[in-house]
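A note on names: the letters A, B, ... follow the listed sequences, proteins ahead of strands, and every chain is numbered from 1. Keep in mind that the numbers below use all heavy atoms, side chains included, and drop hydrogens, waters and symmetry copies.
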Amino acid sequence: MAEINQSTHSFPNIELYNTLSHQKEHFKTVVPGKVGMYLCGPTVYKPSHIGHMVGPVIFDTIKRHLVYSGWDVTWVVNITDVDDKLITESKNRGMSMAALAEEMTTDYLDNLSALGVDGIDTMPKATDHIEGIIQFIAGLVEKDFAYPADGDVYFDVAKDKDYGKLTNRTLEKTQGEGGATADRKRSAADFALWKKAKSGEPSWESPWGPGRPGWHIECSAMSEALLGSHFDIHGGGLDLVFPHHENEIAQSESLHDCPMATYWMHNGLMQAAGAAGKVGGRPRDSSDTLDDLAATKISKSTGAEPFRELLTRHRPEAIKLLLLSTHYRSPIHFGEEPLGESARALEAFERLFSRYERLCGNSYYTLSARNRRDGNAAISDFHGRAGEHVTALRNRFLEAMDDDFNTAIAVATLFDFVRFINKFIDSEGLEKKADHDFETLNGLMLLMRELTSTLGLFLTPPAEVSTGADGKLLDSLMQLIIELRSRARQAKDFATADLIRDTLNEAEIQLEDRADGTDWSIK
RNA sequence: GGCGCCGUAGCCAAGUGGCUAAGGCAGCGGAUUGCAAAUCCGCCAUCGUCGGUUCGACUCCGACCGGCGCCUCCA
């Protein structure tokens, strides 16, 4: 990788929405040229569902765009592998907490991998950071922001003068009974940093006796260990704003006397569309079944299906395109219908890629495009109208991404780009003439590759439908059928030709006639 | 009750105080095709309702109606 001189390198102006200030802000890093990002990962006690994938996909794209724009980005996603829910679930399943955590972590990683989320630099586990967590809590106790109580340790919200600043709430307005441990807390809003172990529960030794970390503390401790006490971006789902992120801020800023993160970014939540099919929908009442509900949050409590099961019905690329077609802060309308539409939209790209491969012999997926946005090198190769159009298009794409990572607009420019390239191939007659100069087409496709890569789209070719011995057999049969049909067509026996095509169509095999031959594909 | 978000075409979904209100899916018309498919061209919205601010608002403010999230585990 080329070394960039950070002192002279100029970075684009990026705006991002900060939950803390409720507005877009100019992006300025703590350390020039470097970005530290922390995304709250899963508590690994059940298989991950689609909701768990939103953050990783969004932040993967954000990282790609920042790296493309010249920053040196470190991205951390934690794994919370110790928690009440893990203890309960592992008991139910008669296995150790560690074994359960390992199984679910693997599931999570497999899902990320299927989606091409590969930019995560470190995935720390809470149980690997118990020592740091204990020191963190001890520091808070020492500064009198926390107090031990009968083997537990609680954060004393009353001592934190700006508690509630992330979610604009004051202690008076905060409801809550304080839960089962209310009698040990000074205030109902106090939350556990350390929980005393009951017999048979996994535990670690601590100054307050054997126990385990409370929920929020692992993120404070691990982000500090890996990114420092003040890093740039902290993200997560909107449902984590309170109490999780509010409490992280309380812990970290009380201990360190500096902002925990400059920017707090929160992605919208998945909405499940019911049979009604609309996002707006009608109110819940007792007669509604789950299917009748118009739009409700997808979560464990609504029985979201494991992501790996979703993958048996839908291609990861279609899921990813759907996620990126909505702005990250908006709720995403999710379901079989939207996924189907997304898959159909995807085909426009993939048909162009195969068209390109047919013409030039190059696989789109192995094209090696520029991975830095510096200068206008990408478009200097084009001349005249194509050049102007492509310049405008690239600018629209980059401006959208610079403006709070507006992937919806970025994706829209890509659709325009597909149309432009198809038109270019048509108008230049590239399909018809044998002897051709494909330089401009190659340039256009390289730019497409550059832009889709920064979104994290089309990283790997679609799975081949026909592989192995069966695939070979199918392929040779199809070649034979196509040859026979071709003879029928030459003999003007269109009844036979159409019979073949229609019958194949019923078997979900699609034929496409072109001037120089016939393609087949499985629908 | 407190905090916050949303309501744009048949469906999904960007966006802007005034210039053609992106893009996708579906639909319709055309070019192309033996016919299809694919591709290309064209068509398809006045922005929940009512007031206000303004020379001008879909975009700002208010009210109302409808929907959603958080305040409890949650990505």
Once hydrogens and angles are ignored, does a donor-acceptor distance under 3.5 Å link the base of [N] to the side chain of [X]?
X         : N      : answer
Arg489(A) : G34(B) : yes
Arg501(A) : C35(B) : yes
Arg351(A) : A38(B) : no
Asp498(A) : G34(B) : yes

Subject >> Position toward the 5' end of RNA chain B (nearest nucleotide), Arg355(A) or Pro243(A) >> reply: Arg355(A)
Original post:
5'-most contact on RNA chain B: Phe494(A) or Lys423(A), nearest heavy atom basis?
Top reply: Phe494(A)
Original post:
Would you call the rings of Tyr364(A) and Phe458(A) parallel, tilted or perpendicular if under 30° counts as parallel and over 60° as perpendicular?
Top reply: perpendicular
Original post:
Parallel under 30°, tilted from 30 to 60°, perpendicular over 60°: which one fits the rings of His216(A) and His244(A)?
Top reply: tilted
Original post:
Rounded to the nearest Å, what distance is computed from the CD atom of residue Gln271(A) to the P atom of nucleotide C12(B)?
Top reply: 12 Å
**OP:** Measure the distance from CZ on Arg169(A) to P on G1(B) and round it to the nearest whole Å.
**Re:** 17 Å
**OP:** Please report the C-alpha distance between Glu512(A) and Arg351(A) in whole Å, then the side-chain angles of each, then the deciding distance to 0.1 Å, and finally whether the salt bridge (charged side-chain N to carboxylate O under 4.0 Å, His left out) criterion is met.
**Re:** CA-CA 12 Å; Glu512(A) 292 184 30; Arg351(A) 275 192 295 259; 5.5 Å; no
If you only use heavy atoms from C-beta on, which nucleotide in [options] is closest to the side chain of [X]?
X         : options                : value
His327(A) : A14(B), C25(B), A75(B) : A14(B)
Ala345(A) : C25(B), A37(B), G23(B) : C25(B)
Thr43(A)  : A75(B), C12(B), A26(B) : A75(B)

**OP:** Grab the two heavy atoms, one from Phe405(A) and one from Tyr328(A), that are nearest each other, plus how far apart they are.
**Re:** O-CD2, 4.1 Å
Taking only side-chain N and O atoms of [X], does any of them lie within less than 4.0 angstrom of OP1 or OP2 on [N]?
X         : N      : answer
Thr413(A) : A22(B) : no
Arg419(A) : G24(B) : yes
Asn505(A) : A37(B) : no
Asn422(A) : A38(B) : no

**OP:** Kindly state whether the pair Phe415(A) / G24(B) counts as stacked, where counting means centroids closer than 5.5 Å and planes tilted less than 30° apart.
**Re:** no
Original post:
Side-chain contact, heavy-atom cut-off 4.5 Å: Glu248(A) with Leu240(A)?
Top reply: no
Subject >> Intra- and interstrand pairs of RNA chain B - dot-bracket, Watson-Crick/G-U under 3.5 Å, | marks other strand >> reply: (((((((..(((.....[....))).(((((.......)))))....(((((..]....))))))))))))....
Between [M] and [N], how far apart are the [atom1] atoms? Round to whole Å, please.
N      : M      : atom1 : value
C44(B) : G2(B)  : P     : 46 Å
C65(B) : C50(B) : P     : 15 Å
A22(B) : A14(B) : C1'   : 6 Å

Original post:
Do the ring centers of Phe415(A) and Phe349(A) come within less than 6.0 Å of each other?
Top reply: yes
Original post:
Is the side chain of Thr122(A) donor-acceptor paired with the backbone N or O of Pro124(A) at a distance under 3.5 Å, no angle test?
Top reply: no
